[in-house]
Asks: 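The structure that follows is given in the form of structure tokens.
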Amino acid sequence: PTDTLPTLPAGWARYESLGAFTIGVPATWLVMTSTERNDSAAETALKAKYPTYSAKIDTALVQMRDQDLLVLAGDVNGDATVSAANMFIKKVPGTLDLAFATSAAAAAQKQLKIGVPLTVQAMTKPAGSYCYDFAVDMAPTSMAGRQCLFPSGYYDVYVMTFLTTVAQIATYSPTVLSLSDTFVAAAAPGAAPSATPAPPAITPPSPVT
């Protein structure tokens, strides 16, 4: 995507999604991309680590096809008695600016039934990106996370959603920051946006409940 990519934290690996973007992910995480969503080694290992979540993992793989998820990654070295911390990225039409990010945050607040508005923050890395944090009761576990919006350089927005339990969010906060810091979009044209682009919605695709 670019000649100079961000330096990865120690013990991380870089992944590329079909020339659309690259991102750094802890090397111990399992990563599935949209090109290897069926019968992959990552799927097998994820189900072996979290056997009670096999059905939800299958749902995640279906969503990778039906919702155009580009990357799905999970920490299988975390606490197996609770939901796996996970990150997924999808692409939505639109041109990213503060108004788009604010609309996306409002949509997430409504979908997750959060009583207070989510605070949109502009990020310095990568330039032109935004994020907002959230916490929500998703029975039987209270979940927390961050959604980051990255410009593609043309007419699409990449949406990265990170989810974990409320109890683990402080532990994962440095990881979430590094995930967003290592994201680099390729300068590839996207589809022209609609007159009123639909804001991204959070649809947890991996074992999160």
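FYI, the numbering just counts along the sequence from 1. As the structure is a prediction and not an experimental result, all values here were calculated from the model.
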Asks: Return yes if a side-chain donor-acceptor contact under 3.5 Å exists between Gln168 and Thr171, otherwise no.
Replies: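 The answer is no; no qualifying pair exists.
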Asks: Find out whether Leu118 and Val120 are in side-chain contact, i.e. whether some heavy atom of one side chain is under 4.5 Å from a heavy atom of the other.
Replies: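 No. Closest side-chain heavy atoms not under 4.5 Å.
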Asks: Mind checking whether Pro6 and Val184 have side chains closer than 4.5 Å, heavy atoms only?
Replies: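 Yes, close enough: below the 4.5 Å cut-off.
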Asks: After noting the C-alpha distance and the side-chain angles of Val71 and Tyr15, does the key distance pass the side-chain contact (heavy atoms from CB on, under 4.5 Å) rule?
Replies: CA-CA 9 Å; Val71 168; Tyr15 291 87; 5.7 Å; no
Asks: Any idea which heavy atoms bring Val157 and Gly94 closest together, and the distance?
Replies: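 So the two residues come closest at CG2-O, 3.6 Å.
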Asks: I need the minimum non-hydrogen distance between Pro26 and Leu179, along with the two atoms involved.
Replies: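 Shortest heavy-atom separation between Pro26 and Leu179 comes out as CD-CD2, 4.4 Å.
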Asks: Compare all side-chain heavy atoms of Gln147 with those of Val159 and state whether any distance is below 4.5 angstrom.
Replies: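 Heavy-atom side-chain distance check passes, below 4.5 Å.
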Asks: Looking at CD1 of Ile89 and CZ of Phe150, how far apart are the two atoms once the value is rounded to the nearest 0.5 Å?
Replies: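 Answer rounded to 0.5 Å: 6.5 Å.
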Asks: Rounded to the nearest 0.5 Å, how far does OH of Tyr172 lie from CG of Leu163?
Replies: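 So the CG of Leu163 and the OH of Tyr172 are separated by 12.0 Å.
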Asks: Is there a side-chain contact (heavy atoms from CB on, under 4.5 Å) between Phe100 and Val92? Walk through the geometry before answering.
Replies: CA-CA 11 Å; Phe100 184 97; Val92 299; 4.1 Å; yes
Asks: What I'd like to find out is whether the side chain of Met87 reaches to under 4.5 Å of the side chain of Trp29, using heavy atoms alone.
Replies: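 Answer yes - side chains close enough.
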Asks: What heavy-atom pair brings Cys148 and Cys131 nearest, and what distance separates the two atoms?
Replies: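 In terms of heavy atoms, the two residues are closest at SG-CB, 3.7 Å.
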Asks: Roughly how far, to the nearest 0.5 Å, is OG1 of Thr164 from CZ of Arg146?
Replies: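 Here the interatomic distance stands at 14.0 Å.
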Asks: Taking all atoms of both residues into account, what is the closest heavy-atom pair of Pro9 and Thr182, and its distance?
Replies: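 That closest heavy-atom pairing would be CD-CG2, 4.2 Å.
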Asks: Can you find a heavy atom in the side chain of Thr95 that is under 4.5 Å from one in the side chain of Tyr155?
Replies: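 Sidechains of Tyr155 and Thr95: in contact.
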Asks: Rounded to the nearest 0.5 Å, what separation is found between the CG atom of Leu70 and the CD atom of Glu16?
Replies: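 Those atoms lie 12.0 Å apart.
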Asks: If hydrophobic clusters are built by linking Ile, Leu, Val, Met, Phe, Trp and Tyr wherever their side-chain heavy atoms come under 4.5 Å apart, do Val25 and Leu177 end up in the same one?
Replies: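 Val25 and Leu177: separate clusters.
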Asks: Do you know the tightest heavy-atom contact between Ala104 and Leu149?
Replies: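 Heavy-atom minimum between the residues: CB-CD1, 3.9 Å.
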Asks: Between CH2 of Trp12 and OG1 of Thr7, what distance do you get to the nearest 0.5 Å?
Replies: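 It is 13.0 Å, given to the nearest 0.5 Å.
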Asks: Can you find a heavy atom in the side chain of Tyr132 that is under 4.5 Å from one in the side chain of Thr102?
Replies: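 They are not in contact (no side-chain heavy atoms under 4.5 Å apart), so the answer is no.
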Asks: Check whether any side-chain heavy atom of Lys91 sits under 4.5 Å from a side-chain heavy atom of Ser152, and report yes or no.
Replies: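 No - every pair of side-chain heavy atoms lies 4.5 Å or more apart.
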Asks: What is the minimum heavy-atom distance between Val31 and Ala73, and which atoms define it?
Replies: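 Here Val31 and Ala73 meet closest at CG2-CB, 3.9 Å.
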Asks: Let me confirm one number: the NZ-CG distance from Lys125 to Asp181, rounded to the nearest 0.5 Å.
Replies: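 That separation rounds to 4.0 Å.
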Asks: Counting only N and O atoms by type, is there a donor-acceptor contact under 3.5 Å from the side chain of Tyr130 to the main-chain atoms of Leu98?
Replies: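 Yes, because the side chain of Tyr130 sits within donor-acceptor range (under 3.5 Å) of the backbone of Leu98.
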